Amino acid sequence: MGIVETSKFYKGLKIIFEDELWEIIEFQHRVMQQRAPVIKTKLKNIFTGLVQEKSFRSGDTFTLPDLSKKDSQVLFSNDLSITFMDLESFEQHEINIEKLGNKIDFIKEEQNVLLIHYNGSPIDIELPTHVELEIKETEPGLKGDSVTGGNKPAKLETGAEVSVPLFINIGDFVKIDTRDGRYICLLYTSPSPRDS
């Protein structure tokens with residue numbers, strides 16, 4: 001098990017704090033006059049879902065949990081949980097949707113993810129940095145408007161809302177950054193009914 005210092009904090013990092021497993025949801029370094037810098041964090045308890053704000057001194061150290069990551073595939077989901085299959089052992093694991101937070105915005109069936117295990121139990125997933133998803137709802141695209149830089153809301157096949165450029169249409173496939181839900185680029189467009 002490793003050790004991590006506050007200067008190495010990042011969003012999504014899991015640490016042991018007060019003998020429990022926590023994930024860093026947010027953090028910011030604050031420099032106070034004539035005082036040591038403080039790191040303000042928002043932590044989520046992996047097992048209870050409890051979210052709390054904590055401040056640490058710059059230089060505080062924490063134990064990193066012993067986590068294993070296994071290549072897995074999303075099999076299916078319902079309103080409460082998502083079932084994953086370990087691609088090596090073919091074992092199936094279920095994780096409560098609430099534990100996954102906004103990661104469910106970027107998950108679809110048959111997608112590959114890393115299933116994170118702690119003490120032999122699956123606790124979370126790690127998504128690829130970018131995913132390819134289809135646009136299911138948005139205002140009609142404006143031809144030739146690929147330059148103006150305006151944006152509009154769109155709903156992805158997963159149900160998540162993102163902001164996309166004006167020229168994007170329903171049925172288009174786009175690349176999305178899973179870290180912040182940002183549109184990256186248009187991958188390919190759906191053929192329009194007139195073309196067929």
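Just so we're clear, the structure is a prediction, and the values are computed from it rather than from any experiment.
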(message) Taking the side chain as everything from C-beta on, heavy atoms only, tell me whether F173 gets closer than 4.5 Å to E157.
(response) yes

(request) Following the transitive rule for hydrophobic clusters with a side-chain heavy-atom cut-off under 4.5 Å over Ile, Leu, Val, Met, Phe, Trp and Tyr, establish whether W22 and I25 coincide in one cluster. (result) no

(message) Would you say the ring centers of Y10 and F27 fall short of 6.0 Å from each other?
(response) no

(request) Identify the heavy atoms of I104 and I82 that sit nearest to each other, and give their distance. (result) CG2-CD1, 3.9 Å

(message) One thing to verify: whether K69 and E126 come together as a salt bridge, which I'm taking to mean a side-chain N less than 4.0 angstrom from a carboxylate O.
(response) yes

(request) Please report the shortest heavy-atom distance between A154 and I135, naming the atom on each side. (result) CB-CD1, 4.0 Å

(request) Hey, could you give me the CD/CG distance between E134 and L187, rounded to the nearest 0.5 Å? (result) 12.0 Å

(message) Are T138 and N169 packed together at the side-chain level, in the sense that at least one heavy-atom pair is separated by less than 4.5 angstrom?
(response) no

(request) Verify the cluster assignment for L114 and I107: are they in a single hydrophobic cluster under the rule of side-chain heavy atoms below 4.5 Å apart? (result) no

(request) Indicate yes or no for a side-chain donor-acceptor contact from T41 to the backbone of Q28 under 3.5 Å, with no hydrogens or angles considered. (result) no

(request) Would you mind telling me which of D71, D86, I125, I123 makes a side chain to side chain contact (heavy atoms under 4.5 Å, CB included) with L115? (result) I125

(message) Please report the interatomic distance CD(E161) to CG(L156), rounded to the nearest 0.5 Å.
(response) 8.5 Å

(request) Indicate yes or no: at least one non-hydrogen side-chain atom of V174 is less than 4.5 angstrom from one of C185. (result) no

(message) Keeping T158 on the side-chain end and D105 on the backbone end, is there a donor-acceptor pair under 3.5 Å?
(response) yes

(request) Please determine if K108 and E110 form a salt bridge, counting it only when a charged side-chain N lies under 4.0 Å from a carboxylate O. (result) no

(request) Compute the centroid of each ring, for F17 and then for F56, and state whether the two points are separated by less than 6.0 Å. (result) yes

(request) Evaluate the side-chain proximity of Y118 to F47: yes if any heavy-atom separation is below 4.5 Å, no if none is. (result) yes

(request) Go through V4 and T61 one step at a time and tell me if the side-chain contact (heavy atoms from CB on, under 4.5 Å) criterion holds. (result) CA-CA 6 Å; V4 67; T61 58; over 6 Å; no

(request) Show the numbers, then the answer: is there a side-chain contact (heavy atoms from CB on, under 4.5 Å) between K175 and E132? (result) CA-CA 5 Å; K175 186 189 258 190; E132 180 183 305; 6.0 Å; no

(message) Donor-acceptor pair, distance only, cut-off 3.5 Å: does the side chain of K155 make one with the backbone of V162?
(response) no

(request) Give, for atom NZ of K40 and atom NE2 of H29, the distance between the pair rounded to the nearest 0.5 Å. (result) 13.5 Å

(message) Ignoring hydrogens, what is the shortest heavy-atom contact between Q111 and P128? Give both atom names and the distance.
(response) NE2-CD, 4.1 Å

(request) For the pair T178 (side chain) and T129 (backbone), establish whether a donor and an acceptor sit closer than 3.5 Å, ignoring hydrogens and angles. (result) yes

(message) Within the 4.5 Å heavy-atom criterion, are E23 and D124 side-chain neighbours or not?
(response) yes

(message) Keeping E26 on the side-chain end and E53 on the backbone end, is there a donor-acceptor pair under 3.5 Å?
(response) no

(request) Return yes if some donor-acceptor pair links the side-chain N/O of T6 with the main-chain N/O of G59 below 3.5 Å, else return no. (result) yes

(message) Within the 4.5 Å heavy-atom criterion, are L21 and N45 side-chain neighbours or not?
(response) no

(request) Measure the spacing between CZ of R179 and CG of N102 and express it to the nearest 0.5 Å. (result) 13.5 Å

(message) Once you measure the plane-to-plane angle for H93 and H117, does it fall in the parallel (<30°), tilted (30-60°) or perpendicular (>60°) bin?
(response) perpendicular

(request) Kindly say whether K99 contributes a backbone atom to a donor-acceptor pair with the side chain of K44 at under 3.5 angstrom? (result) yes

(request) Is it possible for you to say whether F76 and F90 belong to one hydrophobic cluster, with membership spreading through side-chain heavy-atom contacts below 4.5 Å? (result) yes

(request) State, with a plain yes or no, whether a side-chain heavy atom of V74 is found less than 4.5 Å away from one of F84. (result) yes

(message) How close do I15 and P65 get, counting heavy atoms only, and between which atoms?
(response) CA-CD, 3.9 Å

(request) Look at the side chain of K152 and the backbone N and O of E139, then say whether any donor-acceptor pair between them is shorter than 3.5 Å. (result) yes

(message) If I compare all heavy atoms of K8 with all of L13, which pair ends up nearest, and what's the gap?
(response) O-CD2, 4.3 Å

(request) Indicate the atoms forming the closest heavy-atom contact of S55 with V38, along with that distance. (result) CB-CG1, 3.8 Å

(message) Strictly distance-based, threshold 3.5 Å: is any side-chain N or O of T48 a donor or acceptor partner for the main-chain N or O of L50?
(response) yes

(message) Using the rule that Ile, Leu, Val, Met, Phe, Trp and Tyr join whenever any side-chain heavy atoms are under 4.5 Å apart, tell me whether M85 and I116 fall into a single cluster.
(response) no

(request) State, yes or no, whether a side-chain contact exists between F106 and I176 at a heavy-atom distance under 4.5 Å. (result) yes

(request) Give, for atom CD1 of I97 and atom OG of S77, the distance between the pair rounded to the nearest 0.5 Å. (result) 5.5 Å

(request) Measure the CG-OG distance between D66 and S68 for me, rounded to the nearest 0.5 Å. (result) 7.5 Å

